[in-house]
Each structure stands twice: as C-alpha cells, then as structure tokens.
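Below you'll find the structure, written out as structure tokens, and then a few comments.
In the text below, chain A, chain B and the rest are named by the order of the sequence lines, each starting its count at 1.
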Amino acid sequence: MRRYGPAFWAQLSFTLLVCALLVVPVVLSMAAGLTVNYFVGIRSGLTLRWVAEVWALYADTIRLSLGIAVACLACTLVLGVPAAYVLARAKGPVARAIEELLVMPVAVPGLATALALIVTYGGAGDFRRSWLFILVGHVLFTLPFMVRAVLAVMTSIDLKTLEEGAASLGASFVQRFFQVVVPNCASGILAGSLMVFTLSVGEFNLTWLLHTPLTKTLPVGLADSYASMRIEIGSAYTLVFFLMIIPSLILLQLLGRRGRR
Amino acid sequence: MSGSFHLDGVPIRLEGCARTYDGGVRALEPLDLSIAGGETVVFLGPSGCGKTTTLRLIAGLESPDPGGRVWFGDDDVTRLPIERRNVGMVFQSYALFPNMSVADNVAYGLRVRGVATAERRRRAGEMLELMRIGDLAGRRIDQLSGGQRQRVALARALVVRPRVLLLDEPLTALDAKLRDSLRLEIDRLLRTLGVTAVYVTHDQAEAMALGDRIVVMARGRVAQVGTPREIYYRPADAFVAEFVGTMNRLHGQAADGMLALGGAALPWAGPAGPAEVLVRPEDVALADADAHLRGSVAAAVFLGDRTRVVVETACGHTLTVDAAGRAAVARGDTVGLRLDPARFLSL
C-alpha cells in the first residue's frame with residue numbers, strides 16, 4: 001500500500017473544498033424545493049407539493065425552453081458546420097480575421113446584443129412577439145461556440161488530403177462532405193452541440209430582454225418565481241431544471257457516441 | 001500477385017501544361033509529355049521542382065494555365081475535376097478515412113459509384129487478398145502500421161479499376177527496410193496490372209527501380225526524360241549527373257588525341273583544349289602499379305557490399321570511388337586510382 005504524504009492530503013482537501021463550494025449550494029437549493037417550510041427547515045418534512053405547483057405554473061416555459069434549445073441546435077448545426085468547413089479550407093487573412101471575430105458575441109454582453117435586436121426588429125410586431133425572436137438571439141449567441149468546436153477538430157485533421165482522397169475515388173462534393181468530412185468531425189460536432197444546447201436552455205441575459213409575457217423561457221420563469229413566489233417554489237423550479245437538462249445531456253452524449261462508431 | 005486482375009492503361013498526353021500560382025509564382029513551365037498506355041513514368045527531382053504539381057495536373061486536383069491540355073487517350077480531361085477522371089491515387093500521407101474500417105475504406109470508391117453492398121464487399125475482399133492483407137479487413141485505420149496503411153491505400157485506389165494510377169511519394173513515410181520490400185511489391189504490381197502509372201519521388205533509387213522512364217525535373221522544368229539507364233549513363237546536363245547517383249568531375253587538358261590528367265595521359269577522342277570528364281564511383285578502381293592518379297584517403301565508409309572511398313589526389317581533384325567491400329583502406333592511406341576512358345561520360 002502506498003503511503004501518501006502531507007502534500008497529497010492537502011491537495012485532496014483543497015479539491016474537495018472546491019467541489020463542496022460548487023455542489024453544496026445546488027444541493028441545498030434543491031433540498032429547499034422539497035421541504036414543507038424552508039424557514040423551519042427539514043424538520044418540517046418533505047413534500048412534492050412545490051414541484052407540482054411549479055409544473056402547474058411553469059410547464060409551458062419548460063416546453064418552450066426545450067423547443068428553443070432544439071431549434072437553436074438545429075440552426076447552429078446547419079449554419080455552423082458548413083461555416084467551420086469554409087473557414088478550415090479557406091486560406092488568407094480574411095478567414096483568419098473572421099476566426100478571431102468569432103469571440104465577439106461572447107465578449108459583448110448579452111444585454112447589448114438583445115438591445116440591438118430590439119432596436120432593429122422591435123417594429124416587426126408578429127416576429128417580435130413570437131418565440132422565433134428569442135431563437136434568433138440564441139442562435140446569434142451560440143453559433144460561435146459551434147463553429148469554434150467544429151473548427152478545432154477540422155484543423156487538427158488533414159481535411160484537405162482526406163477530401164482529395166475521397167474525390168480521387170469519385171466522390172462528389174456532397175458525398176465527400178457527408179461521408180468523410182462530417183463523420184471525421186463528429187467529436188467536434190458533439191462538443192459543440194452539448195455546448196449550444198446547455199447555453200440555450202440556461203440563457204438568461206438576452207432572453208430577459210427578448211421575451212414577452214407569452215414567450216417566457218425556463219430561466220426567465222425561474223427569475224420570476226424567485227422574485228415573486230415563495231423560496232420553496234423557486235427552489236423546486238431549480239430541481240425541475242436539473243431533472244430536465246441532465247437527461248437531455250446524457251441523451252446527446254449517447255447519440256454522439258453511437259454516431260462515432 | 002494475382003494475374004486475374006488486369007487493367008487497361010490509357011495513354012496520357014500533356015500539351016503545354018504550365019501552372020502559375022496566385023501571386024505569379026511559376027511552379028511548372030509549359031510541359032509537353034506523352035506517356036504510353038501501361039507505362040510507368042517516374043517524376044524525379046528535389047522538392048519544389050514541379051513534380052508534384054505535374055502529378056496533380058494529371059490527377060485533376062489542379063488545372064493547367066490557359067492553353068494547357070491533358071489527354072487520357074482520346075478524351076480531353078482538362079476541364080474534368082478529379083472525381084470524374086476515374087484515376088486511382090495513393091498519397092504520401094495515405095489519406096485513409098479514420099471513420100471507416102479497412103474494408104469500408106477499400107470499398108468506398110465502389111460505394112460512391114452505387115455498387116451493391118454484397119458486390120462491393122466481395123470486390124474489396126478480393127483486392128485486400130491481392131495486397132495480402134485480407135486478415136485486416138475489420139481493423140480500424142489507427143490500428144495499422146505504416147506499411148499496412150500503404151497496402152490499404154493501394155487496394156483502395158485499384159479496386160475502382162482506374163484508367164491511371166497516380167502515386168505521390170508513397171514510400172517516403174516508411175522506414176528504409178519496409179521501403180525496399182514495398183518498392184519491389186509495387187514494381188511487381190505495376191508490371192502485372194498493366195495500368196498506366198505516374199509515380200512521384202525524390203528518391204533516385206526508387207525512380208531507377210520502378211520507372212520504365214524517368215522524368216528528371218528541376219525548377220519547374222524537365223531536365224531529362226529517359227530510361228533509367230539513359231539517365232544514369234547519359235545525363236543531359238550537370239544537374240542530372242549530380243542528382244542521379246554520384247558523379248566525379250575531372251578537369252584535364254586535351255591535345256593530340258590524349259588527355260593530360262594529373263600526371264597521367266589517357267587516350268582522348270574529344271577536341272583539344274581544356275576538357276571536363278565525368279566518371280561514376282564504380283568506374284574508378286583502386287590500383288597499385290598501373291595507377292593513373294595517386295592521392296590520400298580522406299574518408300572510407302564500409303557499406304557491406306562495397307567500401308565507398310573519398311580520395312584527394314595530388315593534382316587537386318576529389319574523387320569518390322567504390323571499392324570492394326573487403327578492400328582494406330583506411331583514412332590517411334595513400335592509394336592509386338585507375339581510370340578507364342571507355343567509361344567516361346560526357347554531357
């Protein structure tokens with residue numbers, strides 16, 4: 001049996017401390033959502049009443065959030081993968097400059113992007129009132145994450161030679177793209193998809209400004225419930241959020257793993 | 001290798017094919033070349049000489065400057081992209097698809113041609129057997145050695161029955177021993193298949209071993225086209241002489257049918273005046289009594305089958321000489337050299 005020195009225990013304690021710092025508030029919040037009365041504490045007993053109430057009040061925000069996340073993922077796949085491909089194949093300073101500019105939507109505050117969208121499209125009534133308005137904001141915000149994740153993989157493999165190999169065997173551009181380029185970038189596409197999906201589900205800054213009373217997403221509803229309901233309801237909402245996002249992430253992972261085989 | 005698999009090689013003709021890159025860099029000066037059906041032509045030259053550009057023009061991966069034409073038999077393929085030229089290509093980096101098994105890689109060309117699954121599995125299997133890697137069919141590409149990858153790449157290029165087989169430095173990434181054995185195998189394959197093959201390399205031994213003809217290139221131009229023997233024994237210019245094999249250059253003075261070289265006089269058929277003669281290392285012999293030149297050994301490298309000796313002569317020449325492997329020479333020894341005027345080469 002190996003003996004561990006003091007340095008090991010010090011590092012282990014530090015790691016556990018950091019983990020606790022991250023995990024404890026989440027666990028406490030979820031526990032609060034299951035307690036009968038938060039101010040009395042766990043002694044007051046456990047209940048699913050708050051969860052049921054959240055479902056009754058906010059089920060449509062959950063549906064909308066998932067719907068927007070799936071639509072956003074679809075848009076970023078359709079736009080982002082070809083964009084990454086073009087950037088990976090293009091030489092020259094313009095392509096490199098665009099690559100650098102891809103961090104912009106991350107660096108610019110979501111509020112600023114949202115304001116710009118409202119200033120531009122605020123007058124388009126139906127569009128402004130529909131969930132598509134929020135979708136546009138989410139795609140704008142998440143697209144760079146997809147492009148960068150896919151681009152990173154594309155630049156790490158010899159894409160040009162792989163494609164030339166496929167072309168020499170008679171493959172047309174479409175065949176090359178879907179049978180050689182996309183499968184060999186699957187890991188980047190998966191990483192980008194996970195990122196886009198979670199960012200979209202959890203996005204608050206942009207959505208706060210873009211939503212209308214009829215197009216509330218989950219995080220907006222969460223803020224709403226914390227602001228205007230009992231703390232137990234907000235906490236139960238957080239619990240629902242986790243129950244929803246974790247299975248979807250696992251599902252995406254499994255899909256990606258199967259695609260790679 | 002199997003004799004049942006045979007391809008009908010088409011002749012290739014390049015007419016005035018030049019290639020200028022953006023920014024005006026001329027990679028290839030206008031080139032005219034005919035390659036016979038079933039012939040193996042090796043493009044040989046240092047990096048940047050235009051050999052790979054020429055291959056890519058034939059492949060259809062690049063287009064010649066306006067005016068240039070590429071013919072496969074009677075078909076003008078100048079405007080056809082590579083995917084419509086029906087060529088087989090083997091890349092230096094293999095370009096195998098990591099997302100597919102060995103069998104799927106080999107079958108890919110059949111898949112894009114719409115061949116039914118069972119049929120393409122059968123033909124891919126046959127091709128793997130031909131390359132003697134039938135047992136690797138189910139492997140992933142990252143589970144293969146370099147030599148195995150190259151066999152898969154060859155099988156994949158040949159399974160579609162290409163009109164032309166193009167090989168871009170296919171052995172460069174392999175170690176020396178493997179390179180020699182695969183070179184022999186490729187040679188046998190090209191002979192039996194009867195395919196028109198264009199092979200690019202910077203390795204003159206590879207070029208000599210594989211080429212029916214060799215095209216030596218330098219700075220975007222063809223320096224010489226000829227059989228390996230012609231290139232070796234009748235180099236067109238100093239560049240070819242130096243690039244292919246090792247060449248000694250000796251300077252002497254010719255007069256009255258004799259050439260004065262150091263202290264020796266040799267029969268000479270050329271014009272009088274200063275003369276330069278070229279002689280290969282294997283055509284100079286170590287000698288004692290009847291030596292023409294004397295000098296001291298600057299280096300002696302034992303290579304097994306021969307000993308390569310560098311001799312600095314009293315008359316100021318440095319000669320590389322191939323002596324027998326068992327010849328006992330060491331650095332600092334004084335040796336005599338015998339020349340044979342019949343073996344002199346001239347440009």
So do B:Y94 and A:T161 actually touch side chain to side chain, heavy atoms under 4.5 Å?
no
Side-chain touch B:Y108/A:Q179, heavy atoms, less than 4.5 angstrom:
yes
Checking the side chain of B:R156 only, and the main-chain atoms of A:G165 only, is there a donor and an acceptor separated by less than 3.5 Å?
no
Roughly how far, to the nearest 0.5 Å, is CG of B:D168 from OG of A:S168?
11.5 Å
Under 4.5 Å from a heavy atom of chain A, the part of B:R113 involved
side chain
Ignoring hydrogens, what is the shortest heavy-atom contact between B:S93 and A:D158? Give both atom names and the distance.
OG-OD2, 4.2 Å
Does A:R176 reach the side chain of B:E83, with side-chain heavy atoms less than 4.5 Å apart?
yes
Go through the steps for A:E164 and B:M89 under the test side-chain contact (heavy atoms from CB on, under 4.5 Å), then give the verdict.
CA-CA 9 Å; A:E164 287 181 350; B:M89 188 149 179; 5.8 Å; no
Interchain contact, A:K91 with chain B, by part (heavy-atom threshold 4.5 Å)
neither
Tell me, yes or no, whether the heavy-atom count around A:Y121 atom OH, taken from other residues, nucleotides or ligands under 6.0 Å, exceeds 12.
no
Decide if atom CZ of A:R89 counts as having more than 12 heavy atoms of other residues, nucleotides or ligands within a radius under 6.0 Å.
yes
Answer yes or no: does atom CG of B:D74 have more than 12 heavy-atom neighbours from other residues, nucleotides or ligands under 6.0 Å?
no
How about CG on B:D142, more than 12 heavy atoms from neighbouring residues, nucleotides or ligands closer than 6.0 Å, or not?
yes
Side chain proximity check, B:R111 to A:Q175, heavy atoms < 4.5 angstrom
no
Atom CE of A:M195: over 12 foreign heavy atoms under 6.0 Å:
no
Evaluate whether atom CZ of B:R26 has more than 12 neighbouring non-hydrogen atoms of other residues, nucleotides or ligands under 6.0 angstrom away.
yes
Using a 6.0 Å cut-off, check whether atom CH2 of B:W71 has over 12 heavy atoms from anything other than its own residue.
yes
Treating B:N99 as the side-chain partner and A:P183 as the backbone partner, does any N or O pair qualify as donor plus acceptor under 3.5 Å?
no
Heavy-atom distance under 4.5 Å between the side chains of B:V112 and A:S172, does that happen here?
no
Where on B:L96 is there a heavy atom nearer than 4.5 Å to chain A: the side chain, the backbone, both, or neither?
backbone
When you look at CZ of B:R140, are more than 12 heavy atoms from neighbouring residues, nucleotides or ligands closer to it than 6.0 Å?
no
For B:F97, is it the side chain, the backbone, both, or neither that has a heavy atom closer than 4.5 Å to a heavy atom of chain A?
both
Taking the side chain as everything from C-beta on, heavy atoms only, tell me whether B:P98 gets closer than 4.5 Å to A:L162.
yes
